[in-house]
Q: 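This structure is in C-alpha cells; I'll ask about it shortly.
Since the structure is predicted, the reported quantities are computational estimates derived from the model, not experimental observations. Side-chain atoms are counted along with the backbone in the values below, which use heavy atoms only and exclude waters and symmetry mates.
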Amino acid sequence: MTGLWVGLLVAAFGGYLLKLAGLSLPESVLNRPRVQRIAAFLPVAMLSALVAVQLFDGGGRYTLDWRTLAGVAAGVAALLLRRGFLVVFLVAIAVTALLRLLT
C-alpha cells in the first residue's frame, strides 16, 4: 500500500472519529453560548480554507482564478442570506464547477 493510501485511510478514520466525538457530546455542552458562537463561524472558516487551497497550484505558486472567486462570492451571498452550512458549500461548489465547465 502506498503512502498516499495510508494517508487517505488515516484521514478518513480521523474524520470518522471526530464526527463520532461530536455526536457523543451531551446536549448541555452543545447548548452553551460559547459553543454556539464558535459553531456560527465554522462555515466561514471552512469556506476560507477551501479558497486558500484553491489559490495555490501544485507547484506552490499563487494563482488567482476568477471562477473560484465567483464561487466564493456565491457562498458569501448564501451566508448573508442565512443559509445552512451545507447549502453554503453546495452553492459555492456548484457555481465554481459550472463556471469551470462553461469556460
Q: Flag yes if L101 and L69 sit in one hydrophobic cluster, no otherwise; membership is Ile, Leu, Val, Met, Phe, Trp, Tyr, and two members link when side-chain heavy atoms are under 4.5 Å apart.
A: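 No, it is not one cluster - the side chains of L101 and L69 are not joined through contacts under 4.5 Å.
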Q: Which other residues end up in the same hydrophobic cluster as L102, if Ile, Leu, Val, Met, Phe, Trp and Tyr are linked when side-chain heavy atoms come under 4.5 Å apart?
A: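 Same cluster as L102: L98.
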Q: Quick one: pull up CZ in F13 and CG in L8 and give me the separation to the nearest 0.5 Å.
A: 14.0 Å
Q: Between G71 and T96, what is the shortest heavy-atom contact and its length?
A: CA-OG1, 3.1 Å
Q: What's the verdict on side chain to side chain contact (heavy atoms under 4.5 Å, CB included) for R67 and T103, showing C-alpha distance, side-chain angles and the deciding distance?
A: CA-CA 9 Å; R67 298 167 294 198; T103 59; 3.1 Å; yes
Q: Rounded at 0.5 Å granularity, tell me how far CG in N31 sits from CG in L25.
A: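 Between atom CG of N31 and atom CG of L25 there are 11.5 Å.
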Q: Indicate the atoms forming the closest heavy-atom contact of L30 with V35, along with that distance.
A: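 That would be O-CG1, 4.0 Å.
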Q: Would you say L18 ends up clustered with V10 if hydrophobic residues are merged whenever their side chains have heavy atoms under 4.5 Å apart, either directly or through other cluster members?
A: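 No, V10 and L18 fall in different hydrophobic clusters.
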Q: For the hydrophobic clusters of this structure (ILVMFWY residues joined by side-chain heavy atoms under 4.5 Å, transitively), does one cluster hold both V95 and V76?
A: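 No, it is not one cluster - the side chains of V95 and V76 are not joined through contacts under 4.5 Å.
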